[in-house]
Amino acid sequence: MINSAAEKIAYNQDLLTQILLRLPTKSLIKFKSVSKLWRFIISDPDFCLSHTRHHHRNGFLSPTALLLKGDRFCPPSEFSIVPLKHYSKVPFFHYIPDSHVKILQSCNGLLLCESYRQSYLICNPTTKKFRRIYCPSNSAYNFISKSFVSFAFDPLTSPDYKIICIWESYREPCKFNLDLYSSKTGSWDLCIVSFEVDEDEQEIELNNGVFCNGRIHWCGYGEESLYFDVEKECLETMPMALPSRMDAPETCRYFSESRGVLYVAVTYCIAVCLEFDVFEMARDYSEWNWKKRVNVGDAVKAFPELELG
């Protein structure tokens, strides 16, 4: 009787789908090998989207680990990772074949990495798979002076992702062009947007894009910065002036997002200062508001894995 009930469930696709939707991702990866039917259900893009939506909290996915991004190429085994939940397992990156890579961006469970082999890798730590992507084949790229790559992925709306490549040509300094790659088509759309930045304007960190609410944002040190609406494929401006909180010059700004809100953490040029201010962007993008002052020592108490050296 037990075997008969189990067989009915195992071969009832609708009932089986509802059961599998409630399982964690790592279990689903193992269960792909149970049968062809199970593999077919679990690999279906619609099931993947439904599974992601089923496990979100109030419209947002909960991060499980913090990757400490560096500015240098290193072996994947040397990535610095801190679990945000003490019981969670730290992901491994042994499946990446390149000897030296650099993490550029993390976006809802996927990583954008740059390889020393002049290519980019989209890595999935859960499935332990990756895709290699090359810059678009464009004659203008022979004259590039610098380029910046950012990443957009929202698994709650689509299993597809997009890559933004902004580049400047030697021929036209201060003029930037934007190319867009879609995983759905597997191809690049070239020069969909062009814009200029005056040399006298404050620096905009085009090498540090942050995806939030369907837009890729870049931090700036002047009165304004930029963001790119991925669906509308257009550039817009946003304010970057921060309210003054410390009688000291800034050292750097760290730009990020959490649960659909943009944040900037600011450190200051003060001897032996372990404090920084956190500013929050208003929902309507009208202004930045001071949120709180944080002591790094408190974070270390909560997560001893962090190294301040």
Are the side chain of S50 and the backbone of D46 linked by a donor-acceptor contact shorter than 3.5 Å?
yes
For the backbone of S194 and the side chain of N177, can you confirm whether one donor and one acceptor N or O come within less than 3.5 Å of each other?
no
Quick check: do T267 and E275 have side-chain heavy atoms less than 4.5 Å from each other?
no
Under the criterion side-chain contact (heavy atoms from CB on, under 4.5 Å), I'd like the reasoning laid out for F228 against E233: C-alpha separation, chi angles, the key distance, then a yes or no.
CA-CA 7 Å; F228 177 73; E233 297 186 357; 4.1 Å; yes
Whether F176 and F148 hold their rings parallel, tilted or perpendicular, with breakpoints at 30° and 60°:
tilted
Please check if the number of heavy atoms outside F40 that lie under 6.0 Å from its CZ is greater than 12.
no
Taking all non-hydrogen atoms of both residues, which atom of V101 and which atom of S115 are closest, and how far apart?
CG1-CA, 4.2 Å
Are side-chain heavy atoms of E224 and P239 found at a separation under 4.5 Å?
no
What pair of heavy atoms forms the shortest contact from S150 to L206, and how long is it?
OG-O, 4.4 Å
Here's one to test your reading of the geometry: is the NZ or CZ of R215 within 45 degrees of the ring axis of Y285 and under 6.0 Å from its centre?
yes
A152 and V230 have their tightest heavy-atom pair at CB-CG2, 3.9 Å
Any side-chain heavy atom of Q13 within less than 4.5 Å of one from L16?
no
When rounded to the nearest 0.5 Å, the distance separating SG of C113 from CD1 of I133 is 11.5 Å
Could you walk me through whether V210 and Y227 pass side-chain contact (heavy atoms from CB on, under 4.5 Å), step by step?
CA-CA 9 Å; V210 171; Y227 68 85; over 6 Å; no
If you compare all heavy atoms of C123 against all heavy atoms of P125, which two are closest, and at what distance to 0.1 Å?
O-CD, 3.5 Å
For a 4.5 angstrom cut-off between non-hydrogen side-chain atoms, does L112 reach I122?
yes
Hey, does C74 have a side-chain heavy atom less than 4.5 Å from the side chain of F79?
yes
Suppose we call two aromatic rings close when their centres sit under 6.0 Å apart. Are F279 and W288 close by that rule?
no
Apply side-chain contact (heavy atoms from CB on, under 4.5 Å) to R283 and V261, showing your working.
CA-CA 7 Å; R283 294 281 183 177; V261 180; 3.3 Å; yes
Kindly compute the distance separating OG (S225) from CD (E205), expressed to the nearest 0.5 Å.
8.5 Å
Are the aromatic rings of Y263 and Y254 close, with centres under 6.0 Å apart?
no
C252 SG to F276 CZ distance, which is reported to the nearest 0.5 Å
10.0 Å
State whether D277 and K292 are salt-bridged, where the test is any N-O pair (Lys NZ or Arg NE/NH1/NH2 against Asp/Glu carboxylate O) under 4.0 Å.
no
Joint hydrophobic cluster, L20 plus I29, side-chain heavy atoms closer than 4.5 Å:
no
Is the charged tip of R253 near the ring of Y221: under 6.0 Å from the six-membered ring centre and within 45° of its axis?
yes
For the pair W167 and D179, evaluate side-chain hydrogen bond (donor to acceptor under 3.5 Å, both in side chains) and give the outcome as yes or no after the intermediate values.
CA-CA 8 Å; W167 53 275; D179 299 338; 3.0 Å; yes
For the hydrophobic clusters of this structure (ILVMFWY residues joined by side-chain heavy atoms under 4.5 Å, transitively), does one cluster hold both V34 and I41?
yes
So do S43 and K32 actually touch side chain to side chain, heavy atoms under 4.5 Å?
yes
Closer than 4.0 angstrom, basic N to acidic O: yes or no for E280 and K291?
yes
Do Y120 and L104 come within less than 4.5 Å of each other through their side chains, counting heavy atoms only?
yes
Are more than 12 heavy atoms, taken from residues, nucleotides or ligands other than E78, located less than 6.0 Å from that residue's CD atom?
yes
In Å and rounded to the nearest 0.5 Å, what is the OG to CG distance from S35 to L37?
5.0 Å
Distance, nearest 0.5 Å, that separates CG of L242 from CD of E223:
10.0 Å
Closest approach of K162 to S182 (non-hydrogen atoms, all atoms of both residues):
CG-CA, 4.3 Å
F151 and F211: aromatic ring centres closer than 6.0 Å?
no
ILVMFWY network linking Y161 to Y134, side-chain heavy atoms under 4.5 angstrom:
no
Has S27 got a side-chain atom pairing as donor or acceptor with L23's backbone, closer than 3.5 angstrom?
no
With M281 as partner, the option from M240, M238, H217 fulfilling side-chain contact (heavy atoms from CB on, under 4.5 Å) is M238
Mind checking whether F93 and L111 have side chains closer than 4.5 Å, heavy atoms only?
yes
Take F130 and N124 through the side-chain contact (heavy atoms from CB on, under 4.5 Å) test and state the conclusion after the steps.
CA-CA 6 Å; F130 71 94; N124 188 329; over 6 Å; no
Strictly under 6.0 Å, is that where the ring centroids of F73 and Y116 end up?
no
Nearest 0.5 Å, what's the CG-SG distance between N208 and C219?
7.0 Å
Is the side chain of T157 donor-acceptor paired with the backbone N or O of D154 at a distance under 3.5 Å, no angle test?
yes
Where is the tightest heavy-atom contact between W188 and C165, given as atom of each residue plus distance?
CZ3-CB, 3.7 Å
